[in-house]
Amino acid sequence: MSIHNADVAEAFEEIGDLLSIQGVNVFRVRAYRRAAQIVRSLPGELAEMGGPEEYDALPGIGKDLAGKIAELVRTGHLAALEKLRRQVPPGVRELLSLPGMGPVRVRALMTKLHVKSRDELRGALSAGRVAQVRGFGPVLQESLRKALAVKVTTNIGKRLPLSVAAQYAEPLRRFLASVPGVMRVEIAGSYRRGRDTVGDLDVLVCAPGSVNVSSALRHYPDLRGMTAAGSTKASGVLRNGLQFDVRVVPQQSFGAALQYFTGSKDHGIHLRRRAQERGLKLSEYGLYDGQRRLAGDTEEGVYEALGLCFIPPELREDRGEVEASEKHELPVLIERADLQGDLHVHTEATDGHGSIEDMVAAARARKLSYIAITDHAKYLGIVRGLDADRLARQCEAADALNERLGGFTVLKGIEVDILEDGGLALPDDVLGKLDVVILAVHSHFDLPEARQTTRVLRALERPKVSIVAHPGGRVLGERAALALDFDRVLEAVHERGCFLEANGQPLRLDLDDVHIKAARDRGVLLSLASDAHSADQLLNLEGAVRQARRGWARKEDVLNARSLTQVRKLLRGQ
Ligand code: DGT
Ligand code: CA
Ligand code: CA
């Protein structure tokens, strides 16, 4: 059995949650949660690294955690987690995701009322027992009742975040590519379109009919089970619950199959209609004029024969891309190589894991020429947040570093919380001295739309603000987006000459594609940001770019695709 980084991250996440419910020291809990984040964004597979010493050398992973990673990778089990699961029943963990429910309240319900699941909480609420527990006022009870009435509030169903799916999809791709006789493997479907979440994997294998992919798959280490095994089609489930369909396709129709199974369904229907209007027939086997085959071996050929320019997979959602393609008006989409800097980076001064120098070195290695250091401002619940004095010292350190660096610049910034009433955690004179002021909502996620909107609009009125970070506030699989009147926020951002972020953290990907397109159509520039908390996490920029491409963003639409001089001007409002 092979353990992927996503499995290790999920185990650490669960340990963090279970420990917090047990009331264990918050620093231990944080260590696990942070380790989960770090593991999730590592570029390579832990299972392919040397062992405990190498894990220990990762920033943010100490000896103890390194040992746990080694145990998990070696045995597929973690004794510490299994022990915790015996102590805290699994249903209790789910209570943590309800609005207003932190570990203290969850523990109170468990110890005082023996409530150990959503169902038991629903029962206790209607029996009036919850009212007797301290800290559970009528408002909280009401919001719990509402949240429990919805089937599963923040769940994304069985869909997996793209980054998690990738940890299973890429090894599967490599495995299939290594089967003798296989010429090419593509993972089509939503995965290829770069959707933020993926329902299942649609795998296309280009091979002659003689290659038996089904029998090869039976020995695949990540396989939980096969559900169908024919000569040209195999289906099954991977160990993490992800389903896959593999289709074996001959070379001559590979392009047509790739086009068909990449979808989206609506895009495909649009293309088939177009073919029909021309008296042609498009299927997964090719484009035909009666019996005569016009295209099918390449995707490009299929589009061309339909009188269209090639449409990048990220755009294939039937949101106007076919029309734009016909008129030669498809956007030239942003690419990772277009980015010149990253305007949202953390350091060890707050909750990150590297010095400014470490982050600079990583950014240089990734061919960037500037970064903005934007650690958290001091605020309730923020780990070691910066007050005005520490921020001033960090700025001095950045100035000194800039003196020494050639061809690279550190911009001075802050990520400042928008308080519940729309105030900011630092005063204007402090913010005024910075190059970049990033606004972010990190609390009170469940305010009603009118209040949430007013809150953000008020913050945007402040004299020195630059970028709204992860404006949707969602965390995939954990927290739904804020209720926010996005059009009004967009309007205010536009009027103020501010910018919106497309955050590349694998579980945020926020703004989402639809809102990115809206921002771009309104002429608001986007900051494609890593929000890196360690050097490795600069890799998050790839995710931000993918999401931006799905939102039709071109180089011209992206703030940090500009030179330092231009960015400085734009940040000053010029
Ligand atoms: P997912 O898996 O929910 O994240 O989304 P997709 O887009 O991967 O959808 P999936 O796996 O159901 O199907 C893969 C592709 O196959 C889809 O994007 C287009 C094609 N396809 C599937 N069902 C249909 C259909 O009923 N009609 C058409 N035209 N195409 C379909
Ligand atoms: Ca799919
Ligand atoms: Ca499918």
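As the structure lists them, so they are numbered: ligands from 1, and atoms in each ligand from 1. For the numbers below, each heavy atom of this structure counts, side chains included, while hydrogens, waters and symmetry mates do not. We number each residue from 1, following the sequence as shown.
Judged by the 6.0 Å and 45° rule, R546 forms no cation-pi pair with Y191. A cation-pi geometry, defined here as NZ or CZ lying under 6.0 Å from the six-membered ring centre and within 45° of its normal, holds between R247 and F261.
In this structure, H4 and Y168 have perpendicular ring planes: the angle between them is above 60°, well past the 30° mark.
Listed here is the closest heavy atom pair of G199 and S190: N-OG, 4.1 Å.
Closest protein heavy atom to atom 20 (C) of ligand 1: Y260 O, 3.5 Å. Among protein heavy atoms, the minimum distance from atom 18 (O) of ligand 1 is reached at G263 CA, 3.1 Å. Summary of contacts: the protein heavy atom closest to atom 26 (O) of ligand 1 is K265 CE, 3.5 Å. Nearest protein heavy-atom neighbour of atom 12 (O) of ligand 1: D200 OD1, 4.9 Å. For atom 28 (C) of ligand 1, the closest non-hydrogen atom of the protein is R272 NH2, 3.3 Å.
For H267, the closest heavy-atom approach to ligand 1 does not fall below 4.0 Å.
In this structure, R33 pairs ionically with D17, as a charged nitrogen and a carboxylate oxygen lie closer than 4.0 Å. In this structure, R40 pairs ionically with E13, as a charged nitrogen and a carboxylate oxygen lie closer than 4.0 Å. With respect to the salt-bridge test (charged N to carboxylate O, under 4.0 angstrom), the residues E299 and R192 qualify.
Distance screen at 4.0 Å: atom 9 (O) of ligand 1 has no protein heavy-atom neighbour inside the cut-off. Atom 22 (C) of ligand 1 is not flagged as protein-proximal [any protein heavy atom, distance under 4.0 Å].
Counting heavy atoms closer than 4.0 Å to ligand 1, residue T262 contributes backbone atoms (N, CA, C, O) but none from C-beta onward. Contact annotation for D202 and ligand 1: only side-chain heavy atoms (C-beta onward) come within less than 4.0 Å of the ligand.
The shortest N or O to N or O distance between R195 and ligand 1 is not below 3.5 Å.
Residue contact check: V198 has heavy atoms under 4.0 Å from atoms 4 (O) of ligand 1. Close approach of ligand 1 to R159 (heavy-atom distance below 4.0 Å) involves ligand atoms 1 (P), 3 (O), 4 (O).
For CZ of R278, the number of neighbouring non-hydrogen atoms (other residues, nucleotides, ligands) closer than 6.0 Å is greater than 12.
Comparing G268, S190, S264 against atom 4 (O) of ligand 1, the shortest heavy-atom distance belongs to S190.
Checked against the 6.0 Å centroid threshold, H344 and H533 do not count as a close aromatic pair.
Put simply, the angle at the Ca ion (ligand 3) from OD1 in D200 to OD1 in D202 is close to 90°, to the nearest 10°.
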